[in-house]
Amino acid sequence: MKLSEFKFFQLKDDDVALYPPMHRDECKLMVVHKKSGDIDMFKEDGTTYLNFRDVLNYFGEGDTFLFNDTKVFPSRLYGTKEKTDAMIEVFLLRELNTDMRLWDVLVEPARKIRIGNKLFFDENGSMVAEVIDNTTSRGRTLRFLYECEHEEFKQSLYALGEAPLPSYIIERRKAEPEDIENFQCIFAKHEGAVTAPASGLHFSREVMKMMEIKDINKAFITMHSSLANFNPIDVEDLSKHRMDSEQMFINAEACDIVNSTKDKGHHVVAVGTSVVRASETAVGTDGYMKEFEGWTNKFIYPPYSFGVADCMIGNFYHPLSIQLMVECAFGGYDIVRKAYETALENGYKFGCYGDAMLILND
């Protein structure tokens with residue numbers, strides 16, 4: 001397919017959620033039946049919209065939800081350049097060397113930052129970093145000049161950071177202290193993500209408890225969601241696009257739960273596009289998920305034949321986005337396009353803090 005085919009709608013400012021709902025599980029839910037093309041939006045009374053808690057009404061004993069338990073760290077910092085005091089945004093990507101305090105980062109504005117420059121991140125000048133390498137047009141390698149134990153250093157560094165909200169939110173409001181918690185899944189465990197697996201944000205402790213009561217299984221993989229999800233695609237022919245790699249881990253326990261679910265004929269529900277891409281990276285030719293530890297640049301767009309999950313929970317994404325392409329591949333381009341048009345007509349909210357879509361295999 002072509003890139004331009006994923007620009008079938010436009011968003012107004014009011015269509016994008018800048019804040020999450022008061023409670024995680026209170027967003028609206030749309031249910032899409034990919035074989036019949038039917039769309040569910042309302043409860044039995046015909047006037048009240050479904051909310052996310054209703055998602056469990058479509059599943060039962062023996063079904064499995066597959067989650068991404070990556071943990072977001074406060075990766076956006078603001079510093080000043082030595083001598084000029086110019087304000088510089090530094091976006092932490094990943095730690096390269098713990099002993100030397102080396103970090104792979106993005107800087108903005110990049111034209112002002114050169115090898116040898118020093119950046120200061122606090123008023124007393126204790127957190128200082130030196131630029132030691134250029135990696136990409138905006139990428140730099142920083143060495144933090146901070147003498148202490150590693151854990152103390154990371155705590156001090158993270159205390160200066162803020163939640164790495166997507167640019168479409170930051171352009172309209174600043175990150176707030178509450179975003180540190182709101183932009184984190186309640187089951188997050190393994191640190192390494194610089195953006196949240198947004199579909200997992202809808203799950204509250206109450207929903208997770210209801211899953212236990214209904215004997216719905218939970219399985220967890222780890223995929224450290226990166227800015228690869230937001231990098232613009234600059235080719236019209238999608239087969240020529242190459243994503244940046246993301247680190248992922250799938251252990252034996254997750255494989256056992258998922259593969260047993262498939263053997264018994266129950267549903268496997270992928271929670272989010274990161275889970276879809278990770279599980280499809282690790283699926284064998286026999287349709288079973290395999291253990292995996294490494295990196296993936298799996299890029300999914302229509303048409304695509306899925307091997308692991310038969311159901312998916314997603315959000316409503318932006319035009320031309322990687323996530324939209326995964327969702328269209330899973331649900332079918334025409335059906336998902338119809339769902340998006342319906343969502344816009346009915347005031348659904350888009351983005352990481354927006355509403356949810358459940359795609360069923362019926």
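Heavy atoms only: backbone and side chains are in, while hydrogens, waters and symmetry mates are out. Since the model is a prediction, treat every value here as computed from it, not as a measurement.
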With no hydrogens and no angle check, is any side-chain donor or acceptor of [X] less than 3.5 Å from a backbone partner on [Y]?
X      : Y      : result
Tyr288 : Ser260 : no
Arg101 : Thr98  : yes
Asn68  : Met223 : yes
Arg143 : Ile132 : no
Lys262 : Val308 : yes
Asn346 : Tyr348 : no
Ser279 : Val276 : yes
Asp63  : Phe59  : no
Asn259 : Asp256 : no
Gln184 : Val72  : yes

Between [Y] and [X], is there a salt bridge with N-O shorter than 4.0 Å?
X      : Y      : value
Lys174 : Asp179 : no
Lys290 : Asp286 : yes
Lys298 : Glu280 : no
Lys349 : Asp15  : no
Lys214 : Glu61  : no
Lys209 : Glu212 : yes
Arg277 : Glu246 : yes
Glu5   : Arg337 : no

Is it the case that over 12 heavy atoms from other parts of the model lie below 6.0 angstrom from the [atom1] atom of [X]?
X      : atom1 : result
Glu253 : CD    : no
Lys189 : NZ    : no
Glu293 : CD    : no
Lys154 : NZ    : yes
Arg205 : CZ    : no

Measure centre to centre between the rings of [X] and [Y], then say whether the value is under 6.0 Å.
X      : Y      : result
Tyr168 : His318 : yes
Phe249 : His190 : no
Phe153 : Phe144 : yes
Phe350 : Tyr317 : no

query: How are the rings of Phe65 and Phe203 set relative to one another: parallel (under 30°), tilted (30 to 60°) or perpendicular (over 60°)?
result: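 Ring orientation, 0 to 90° scale: perpendicular.
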query: Relative to each other, are the rings of Phe6 and Tyr333 parallel, tilted or perpendicular (30° and 60° limits)?
result: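 Phe6 vs Tyr333 ring planes: perpendicular.
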Please give me the minimum heavy-atom distance between [X] and [Y], naming the atom from each residue.
X      : Y      : result
His224 : Thr222 : CE1-CG2, 3.5 Å
Phe121 : Gly79  : CD2-CA, 3.8 Å
Ala278 : Ile250 : O-CD1, 3.8 Å
Cys352 : Leu201 : O-CD1, 3.7 Å
Ser199 : His202 : O-CD2, 3.3 Å

So, taking the atom named [atom1] in [X] and the one named [atom2] in [Y], what distance separates them when rounded to the nearest 0.5 Å?
X      : Y      : atom1 : atom2 : result
Ile170 : Glu162 : CD1   : CD    : 5.5 Å
Lys34  : Asp334 : NZ    : CG    : 14.0 Å
Leu160 : Leu92  : CG    : CG    : 10.0 Å
Ser321 : Glu327 : OG    : CD    : 8.5 Å
Asp40  : Asp38  : CG    : CG    : 7.0 Å
Gln247 : Trp295 : CD    : CH2   : 4.5 Å

Are [X] and [Y] linked, directly or through other ILVMFWY residues, by side chains that come within less than 4.5 angstrom of each other?
X      : Y      : answer
Phe73  : Val90  : yes
Tyr58  : Val55  : yes
Met243 : Met248 : no
Leu320 : Phe299 : yes
Ile359 : Val31  : no

message: Would you say that Thr64 contacts Val269 through its side chain, given a criterion of any heavy-atom pair below 4.5 Å between the two side chains?
response: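 The answer is no, as the side chains (C-beta and beyond) never meet within the 4.5 Å cut-off.
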- prompt: Can the positive tip of Lys43 be found less than 6.0 Å from the middle of the six-membered ring of Tyr49, inside 45° of the ring normal?
  reply: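 No - Lys43 does not lie over the ring of Tyr49 by the 6.0 Å and 45° rule.
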- prompt: Could Arg138 and Phe91 be counted as a cation-pi pair, given that NZ or CZ must be under 6.0 Å from the ring centre and within 45° of the axis?
  reply: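 Judged by the rule (NZ or CZ under 6.0 Å from the ring centre, within 45° of its axis), Arg138 is not positioned above Phe91.
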- request: Evaluate the criterion side-chain hydrogen bond (donor to acceptor under 3.5 Å, both in side chains) for residue pair Arg242 and Asn297; output intermediate values, then yes/no.
  value: CA-CA 7 Å; Arg242 296 293 178 266; Asn297 63 350; over 6 Å; no
field: Under 3.5 Å side-chain donor-acceptor pair for Tyr146 and Ser156
entry: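 Side chains of Tyr146 and Ser156: pair found under 3.5 Å.
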message: Between Glu176 and Tyr19, is there a side-chain donor-acceptor contact under 3.5 Å, judged purely by atom types and distance?
response: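 Yes - a donor-acceptor pair under 3.5 Å links their side chains.
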- request: Check the pair Arg24 / Ile186 against side-chain contact (heavy atoms from CB on, under 4.5 Å), numbers first and verdict last.
  value: CA-CA 10 Å; Arg24 289 177 180 266; Ile186 63 169; 3.4 Å; yes
message: Go through it in stages, so that I can follow the logic: the residues are His266 and Thr261, the test is side-chain hydrogen bond (donor to acceptor under 3.5 Å, both in side chains), and I'd like the CA-CA distance, side-chain angles, deciding distance and then a yes or no.
response: CA-CA 5 Å; His266 294 297; Thr261 301; over 6 Å; no
Just distance, no hydrogens or angles: give the donor-acceptor pairs under 3.5 Å from side chains in residues 231-238, sequence neighbours left out.
| from | atom 1 | to | atom 2 | distance (Å) |
| --- | --- | --- | --- | --- |
| Asn231 | ND2 | Asp244 | OD2 | 3.0 |
| Glu236 | OE1 | Ser4 | N | 3.4 |
| Glu236 | OE2 | Ser4 | OG | 2.6 |
| Asp237 | OD1 | Ser239 | N | 3.1 |
| Asp237 | OD1 | Ser239 | OG | 2.7 |
| Asp237 | OD2 | Ser239 | OG | 3.2 |

task: Determine, step by step, whether Tyr340 and Glu345 satisfy the side-chain hydrogen bond (donor to acceptor under 3.5 Å, both in side chains) criterion, reporting the C-alpha distance in whole Å, the side-chain angles of both residues, the deciding distance to 0.1 Å, and the verdict.
output: CA-CA 9 Å; Tyr340 271 59; Glu345 291 169 359; over 6 Å; no
- request: Give the C-alpha distance, both sets of side-chain angles, the deciding distance and a yes or no for side-chain hydrogen bond (donor to acceptor under 3.5 Å, both in side chains) between Asn315 and Tyr353.
  value: CA-CA 9 Å; Asn315 278 30; Tyr353 280 156; over 6 Å; no
